[in-house]
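Worksheet: the structure to be examined is printed underneath.
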Amino acid sequence: MKIATWNINGVKARIENLVAWLKECDPDVACLQELKSIDEGVPRERLEELGYHVETHGQKGFNGVAILSKKTPDEVNRGLPGDDGDEQSRFIEAVFSTEKGVVRICCLYLPNGNPVDSEKYPYKLRWMERLQRFAEDRLALEEPLVLAGDYNVIPEPVDCHDPKVWEGDALFLPQTRAAFRKLENLGFTDALRSVNDKAETYTFWDYQAGAWQKNNGIRIDHLMLSPEAASRLKSAYVEPHVRAWEKPSDHVPVIVELDV
DNA sequence: ATGGTGGTCGAACCA
């Protein structure tokens, strides 16, 4: 099973790129972030005519996540548990039956957290605590589980072109990285890191100041695997060429192939 | 040191 995550930065602005990429990559499941649209604004017919089932958790103007899948999910849940007052659409979960059993896939858009001295950074840390509790609960199921999405976390200095630039940024602060490590310490595997420890492997390049041309990127889009998923990992890779397309997202897709 | 870009939505916010 081919599972992808991609922050598309606006589903309406990116629909042609999204359709072209789905045709080229042909993933079984695609986790999308930053729809920047309400559910009714998602051009779902364009996706359905490619054979995808479409589950969205949208929001006007900001955030918004979706799971596209060739098979219809058995179960879908919207919103990250732990705060009923959280209005931001950043999480959707789907469960699929497979020949070998079941696979559970969560699509998440973790808060950016900047500026650090605003209420946004504590919101990010609280969100990461909620994700940690959710992950603990789901681990007990002992299923192949993928937590895929835009984490807005640079895990290590090697995951950015110039670590000095990111000192003090919400994506790279020690507290942010520690919260991400807690997820790894629970037993989750950073899929891409586990197969590729090469430097200069990035998933995001800013639109500004020629970041793409200079390969001034960061690795912030991750697929975290439960032990049952990690033992079935066949490959993990980034698709940087998509960043060079016309009217690109500032993020590119990241893929894992699992034997599930 | 500053400004550099892009999406959404129609001024300002988010990244």
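Protein chains get the first letters and strands the later ones, always in sequence-line order, with residue 1 at the start of each. Since the model is a prediction, treat every value here as computed from it, not as a measurement.
Distance CG/Leu131(A) to CZ/Phe91(A): 6.5 Å, rounded to 0.5 Å.
Nearest to the side chain of Lys60(A), among dA15(B), dG10(B), dG7(B), sits dG10(B). Distances were taken from every side-chain heavy atom of Glu34(A) (C-beta onward) to each of dG4(B), dC13(B), dA15(B); the shortest belongs to dA15(B). Closest contact between the side chain of Lys12(A) and the listed nucleotides dT8(B), dC13(B), dT5(B) involves dT8(B). Here the nucleotide nearest the side chain of Gln208(A), chosen from dG4(B), dG7(B), dA15(B), is dG4(B). Counting only heavy atoms from C-beta on, Tyr207(A) has its side chain closest to dT5(B) among dC13(B), dT5(B), dA15(B).
Using a 4.0 Å cut-off between a side-chain N of Lys or Arg and a carboxylate O of Asp or Glu, Arg46(A) and Glu16(A) qualify as a salt bridge.
Two residues, Arg90(A) and Pro248(A), neighbour DNA chain B, and the one matched to the more 5' nucleotide by heavy-atom proximity is Pro248(A). Between Lys247(A) and Asn114(A), the residue whose closest nucleotide on DNA chain B is further toward the 5' end is Lys247(A).
The closest donor-acceptor contact from the side chain of Asn17(A) to the backbone of Lys247(A) lies under 3.5 Å. The closest donor-acceptor contact from the side chain of Arg243(A) to the backbone of Trp205(A) lies under 3.5 Å.
Residue Glu16(A) contributes atom CD, which lies 14 Å from atom P of dG7(B) at whole-angstrom precision. As a whole-Å value, the separation of Glu87(A) CD from dC13(B) P is 19 Å. Spacing between atom OH of Tyr151(A) and atom P of dA15(B) amounts to 18 Å, rounded to whole angstrom units. One interatomic measurement links the two molecules: CD of Gln33(A) to P of dT8(B), which rounds to 16 Å at whole-angstrom precision. When the P atom of dA15(B) is taken as reference, atom CD1 of Ile8(A) falls 16 Å away, rounded to whole Å. Atom-to-atom, CZ of Phe62(A) to C1' of dC13(B) comes out at 5 Å; the value is rounded to the nearest Å. The separation between Asp169(A) atom CG and dC14(B) atom P is 16 Å, rounded to whole Å. Rounded to a whole Å, the CH2 atom of Trp166(A) is 13 Å from the P atom of dA15(B).
Between Lys70(A) and Asp26(A), the closest side-chain pair of non-hydrogen atoms falls below 4.5 Å.
For the P atom pair drawn from dG3(B) and dG7(B), the interatomic distance equals 22 Å after rounding to whole Å. Here, dG6(B) and dG10(B) have their P atoms 22 Å apart, quoted to the whole Å. Rounded to whole Å, the P atom of dA1(B) lies 29 Å from the corresponding atom of dA12(B).
Remark: dT8(B) base-pairs with dA12(B). Criterion, Watson-Crick or G-U wobble with two distances under 3.5 Å.
If you check every strand for non-hydrogen atoms under 4.0 Å, Tyr109(A) touches sugar and phosphate atoms only.
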Query raised in the report: Run the side-chain hydrogen bond (donor to acceptor under 3.5 Å, both in side chains) check on Asn114(A) and Asp169(A) step by step: do they pass?
Result: CA-CA 7 Å; Asn114(A) 285 307; Asp169(A) 191 282; 3.0 Å; yes
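In this model, the phosphate group of dC13(B) is not approached by any side-chain N or O of Lys36(A) to a distance below 4.0 Å at OP1 or OP2.
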